[in-house]
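Everything on this sheet refers to the single structure shown next.
Just so you know, residue 1 is the first one in the sequence shown, and it goes up from there. Model, not experiment: these values are computed from the prediction.
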Amino acid sequence: MIGISIATKWEYEASLEYFSIKDNERFGYPYGEYFIRTIDDTELVFYSTGVRKINGVGGNQYMISKFNLTKVIVAGTCAGIDDKFSNLDIFVPDKAVQYDCTVKEIEPLIKQSFIVDIDLSKYGNDFYTGTIGTADKAVVMWKDYLELIENKITIADTEAGAIAYICKKNDVECIIIKGISDFPTEESNSDKFESNIEQINIYLENTPKVMNKIFGEYLKRFI
Ligand SMILES: Nc1ncnc2c1ncn2[C@@H]1O[C@H](CCC(=O)c2cccc(C(=O)O)c2)[C@@H](O)[C@H]1O
């Protein structure tokens, strides 16, 4: 069985809609909900975990143990960091890093022990790849965005790097498929809150579009 890990309720709702899931096919578990679908003769369990690293890791560890998963695919949205890319571009990163685990004033932002390399060689190369950076807070502030650019991060989220890390501990393959839902914008002091609300609205508008693109154009070749 392969697990499809989904963080937010909006991403999960878009998944329910995409696969036309009926109420009696939805089951609860301590971190959220799951449903099961067979695609190309492979059984997949789609589950919501809730947001940020603790929920992402807890939900995945639970599902790896419950269903004896052989692979986890993290599917969802992310912030765009590298400005060569645009909203709705989809990535399958070959590197996942946690960037909030060091004292950055005296240590490098990213330490080797928090980097997971992902071998994509058997899946071809007709997709965007790069480094996904994960931390427990969303990338909203311009100074955080500049720091990620400086550290050569391509996209950022709040779960994937930690999920890849615990998959490795479990000897379970982890593939991350993420689409850009939003980019941080430079905020001035006066419109900090407005610019944040605007970013959230863009995220909400793009979430179903990203999930449909992942399921329609990317999922099958990674299962
Ligand atoms: N900018 C982002 N940074 C990090 N992760 C992002 C971003 N965008 C999307 N994700 C991904 O989607 C989910 C939720 C998104 C989220 O929390 C968010 C999105 C936009 C603005 C704000 C805000 O507070 O203004 C919060 C997370 O689970 C994460 O995996």
Side-chain angles (χ1 to χ4, degrees), residues 5-18 31-33 48-59 74-93 96-105 109-110 114 128 130-163 176-218:
S5 176
I6 296 161
T8 67
K9 82 182 182 81
W10 300 286
E11 291 164 355
Y12 189 71
E13 277 164 10
S15 313
L16 293 171
E17 181 95 358
Y18 182 89
Y31 290 87
E33 244 189 50
S48 62
T49 60
V51 292
R52 313 303 184 235
K53 296 201 290 181
I54 291 176
N55 286 315
V57 163
V74 182
T77 59
C78 61
I81 305 298
D82 185 334
D83 65 7
K84 285 200 293 293
F85 299 100
S86 314
N87 280 345
L88 311 187
D89 281 345
I90 308 289
F91 289 79
V92 186
V97 307
Q98 295 177 65
Y99 65 88
D100 59 353
C101 298
T102 62
V103 181
K104 65 184 184 188
E105 290 75 8
L109 188 73
I110 298 156
F114 295 107
Y128 291 137
T131 301
I132 184 163
T134 295
D136 259 323
K137 67 175 185 182
V139 189
V140 174
M141 293 295 127
W142 194 245
K143 68 173 174 38
D144 295 337
Y145 173 70
L146 295 179
E147 189 169 46
L148 294 182
I149 291 185
E150 207 174 292
N151 282 273
K152 301 198 164 36
I153 301 291
T154 321
I155 51 174
D157 83 338
T158 58
E159 300 85 19
I163 297 171
I176 299 163
I177 313 178
K178 285 262 170 174
I180 299 178
S181 52
D182 55 279
F183 275 85
T185 49
E186 188 161 16
E187 70 281 341
S188 65
N189 273 341
S190 54
D191 68 6
K192 240 195 316 229
F193 296 101
E194 229 171 80
S195 132
N196 183 219
I197 289 167
E198 200 180 312
Q199 193 180 341
I200 292 173
N201 285 336
I202 292 170
Y203 162 78
L204 292 174
E205 188 187 324
N206 285 334
T207 292
K209 297 180 191 166
V210 163
M211 299 311 284
N212 291 350
K213 205 166 168 188
I214 291 174
F215 294 141
E217 299 173 31
Y218 289 81

*Count the heavy atoms belonging to other residues, nucleotides or ligands that lie under 6.0 Å from CD of E217, then report whether that count exceeds 12.*
yes

*asked:* Please determine whether the number of non-hydrogen atoms from other residues, nucleotides or ligands lying under 6.0 Å from atom CD1 of I54 exceeds 12.
replied: no

Donor-acceptor contact below 3.5 Å, side chain [X] vs main chain [Y]:
X    : Y    : result
E159 : R52  : yes
E11  : V210 : no
K213 : L88  : yes
N55  : V51  : yes
Y31  : S48  : no
K178 : T77  : yes

So, for [X] and [Y], which heavy atoms are closest and what is the spacing to 0.1 Å?
X    : Y    : value
S181 : N206 : O-ND2, 2.9 Å
Y18  : G216 : OH-CA, 3.3 Å
P184 : V140 : CB-O, 3.7 Å
A135 : Y99  : CB-CZ, 3.3 Å
M211 : G76  : SD-CA, 3.7 Å
F85  : F183 : O-CZ, 3.2 Å

Spacing of [atom1] belonging to [X] relative to [atom2] belonging to [Y], to within rounding of 0.5 Å:
X    : Y    : atom1 : atom2 : value
F114 : D100 : CZ    : CG    : 9.0 Å
W142 : L146 : CH2   : CG    : 6.0 Å
L109 : N151 : CG    : CG    : 4.5 Å
C78  : I90  : SG    : CD1   : 8.0 Å
I155 : I81  : CD1   : CD1   : 9.0 Å
F91  : T131 : CZ    : OG1   : 11.0 Å

*Please say which of I132, D82, I110, T134 ends up in a side-chain contact (heavy atoms from CB on, under 4.5 Å) with I153.*
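When side-chain contact (heavy atoms from CB on, under 4.5 Å) is applied between I153 and each of I132, D82, I110, T134, only I110 qualifies.
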
*asked:* Going by salt bridge (Lys or Arg N to Asp or Glu O under 4.0 Å), name the pairs with one or both residues in residues 200-211, residues two or more places apart or in two chains.
replied: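 Passing the test, one end in residues 200-211: E205-K209.
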
*Residues two or more places apart in sequence or in another chain: which of them pass salt bridge (Lys or Arg N to Asp or Glu O under 4.0 Å) with E147?*
K104

*Hey, are T8 and Y203 close enough side-chain-wise for a donor-acceptor pair under 3.5 Å?*
yes

